[in-house]
Amino acid sequence: MKLNKIILILFVFLISCKNNKADLINIKEKTNDTIKPTHLNKTSLCYKNSLNYKYKYGFVISDFYDISDEEIFDIDKDFIKDTIAILSPLTLVPSSRCEIKQDELIDNRLLLITLSNKKKFLFENVITNEMGLGALGAELIKKENNGFILEKELGQSCHFKYEIHVKILNEKCIIENISLITSGCPYDKDRKININFSKKTFLLEKYTRKTIDSLKNINHID
């Protein structure tokens, strides 16, 4: 009887150690790869959403982020599918009713790239932070050989469309070229700008959304 009690105690001890180890692994994973808001006020309607997490794309992502767009295809031609996704904070998705005050700091839209070899990229200053419903506020992802395109259209009488062509080379994200087309402004003239980076390596990590903002300026187009 005494022997049975000793065996039972040892069994409980081993199970306890195993569970503690699993918890430590989860904590470490969340510390390294957690995506969560940095500017969300605790009084916000969306604060409770931010406390829930899901594991996706190799990251632990707060429910504060909405998937604006996603493409799953073989980018690096190894016959295994890769993933590109754009995440929008709920403060940039009006339908979420997540209020935001004027001049309040806004969390960035994020670009995530996860390759089949588990290589991951997270870019915080690439996707536009313009207000819009779901994908309408951000760029759209389009497939391209050995890479992808970030495309966005905006405006009506004065219309803009731009494309950022990105390729994956040696596990690096490189911008090949940026093109911008405008119509109806100024003076109802159509303009097209194409900036090619074939003669130098322009890493996507060096790009910022301000690059496109400067190109949209009418003085630069005319």
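Of all the heavy atoms in Cys173 and Ile168, the pair that sits closest is SG-CD1, 3.6 Å. Between Tyr53 and Ile35, the shortest heavy-atom distance links the atoms CE2-O, 4.1 Å. The heavy-atom pair separating Arg209 from Thr128 by the smallest distance is NE-CA, 4.0 Å. Looking at every heavy atom in both residues, Ala138 comes nearest to Ile86 through CB-CG2, 4.1 Å.
The side-chain heavy atoms of Ile61 and Leu112, taken from C-beta on, include a pair separated by under 4.5 Å. Proximity of Ile164 to Ile175: side-chain heavy atoms (C-beta onward) are separated by under 4.5 Å at one or more points. Side-chain contact between Glu163 and Lys142 is present, with at least one heavy-atom pair separated by less than 4.5 Å. Between Asp82 and Ile113 there is no side-chain heavy-atom pair separated by less than 4.5 Å. Side-chain contact between Glu139 and Glu130 is absent, with no heavy-atom pair separated by less than 4.5 Å. Annotation: side chain of Leu115 is in contact with side chain of Phe121 (closest heavy-atom distance under 4.5 Å). Contact annotation: the side chain of Pro89 never approaches that of Pro37 to less than 4.5 Å [non-hydrogen atoms, C-beta and beyond]. With a 4.5 Å cut-off on side-chain heavy atoms, Lys120 and Asp33 count as touching.
Annotation: the span from Glu124 atom CD to Arg109 atom CZ amounts to 14.5 Å, rounded to 0.5 Å. With rounding to the nearest 0.5 angstrom, the CG atom of Leu111 is 6.0 Å from the CG atom of Leu150. Summarising the geometry, atom CG belonging to Asn196 is positioned 10.0 Å from atom NE2 belonging to His165; distances are rounded to the nearest 0.5 Å. Atom CG of residue Leu110 and atom CG of residue Leu87 lie 5.5 Å apart, to the nearest 0.5 angstrom. The distance from the CG atom of Asn145 to the CG atom of Asp74 is 11.0 Å, given to the nearest 0.5 Å. From Ile212, atom CD1 reaches atom CD1 of Ile127 across 10.5 Å, with rounding to the nearest 0.5 Å.
Cluster membership check: Leu169 does not share its hydrophobic cluster with Phe202, using side-chain heavy-atom separations under 4.5 Å among Ile, Leu, Val, Met, Phe, Trp and Tyr. Both Leu180 and Ile195 belong to a single network of hydrophobic side chains, linked directly or stepwise wherever heavy atoms of I, L, V, M, F, W or Y lie under 4.5 Å apart. Note on Ile178 and Ile193: same hydrophobic cluster, where clusters join Ile, Leu, Val, Met, Phe, Trp and Tyr whose side-chain heavy atoms are under 4.5 Å apart, directly or indirectly.
A salt bridge does not link Lys36 with Asp107: none of the charged nitrogens is closer than 4.0 Å to a carboxylate oxygen.
Heavy atoms from other residues, nucleotides or ligands lying under 6.0 Å from NZ of Lys54 number more than 12. By the 6.0 Å contact criterion, NZ on Lys81 is open, its count of non-hydrogen atoms from other residues, nucleotides or ligands being 12 or less.
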Take Leu204 and Phe123, measure what side-chain contact (heavy atoms from CB on, under 4.5 Å) needs, and give me the verdict at the end. CA-CA 8 Å; Leu204 186 57; Phe123 299 100; 3.7 Å; yes
Run the side-chain contact (heavy atoms from CB on, under 4.5 Å) test on Asn146 and Lys77 for me, step by step, so that the C-alpha distance in whole Å, both residues' side-chain angles and the decisive distance to 0.1 Å come before the verdict. CA-CA 7 Å; Asn146 300 317; Lys77 306 304 178 185; 3.5 Å; yes
Applying side-chain contact (heavy atoms from CB on, under 4.5 Å) to Phe197 and Ile174, what does each step give before you reach the verdict? CA-CA 9 Å; Phe197 301 101; Ile174 301 171; over 6 Å; no
How far apart are the C-alpha atoms of Tyr162 and Glu153, what are their side-chain angles, what is the distance that settles it, and do they pass the side-chain hydrogen bond (donor to acceptor under 3.5 Å, both in side chains) test? CA-CA 7 Å; Tyr162 62 82; Glu153 293 188 56; over 6 Å; no
Show your working on side-chain contact (heavy atoms from CB on, under 4.5 Å) between Ile75 and Lys167 and close with a plain yes or no. CA-CA 8 Å; Ile75 304 172; Lys167 67 178 180 180; over 6 Å; no
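Residues Asn129 and Asn108 have side chains that bring a donor and an acceptor to within less than 3.5 angstrom of each other. In this model, a donor atom of one side chain and an acceptor atom of the other lie less than 3.5 Å apart for Asn117 and Glu171. Between Asp78 and Ser116, the side chains place a donor N or O and an acceptor N or O closer than 3.5 Å (distance only, hydrogens not considered).
Checked options Leu45, Leu51, Thr43; the residue passing with Tyr47 is Leu51 (criterion: side-chain contact (heavy atoms from CB on, under 4.5 Å)).
Every pair tested for ring pair (Phe, Tyr, Trp, His ring centres under 6.0 Å) that includes a residue from residues 63-86 fails, sequence neighbours excluded, so the list is empty.
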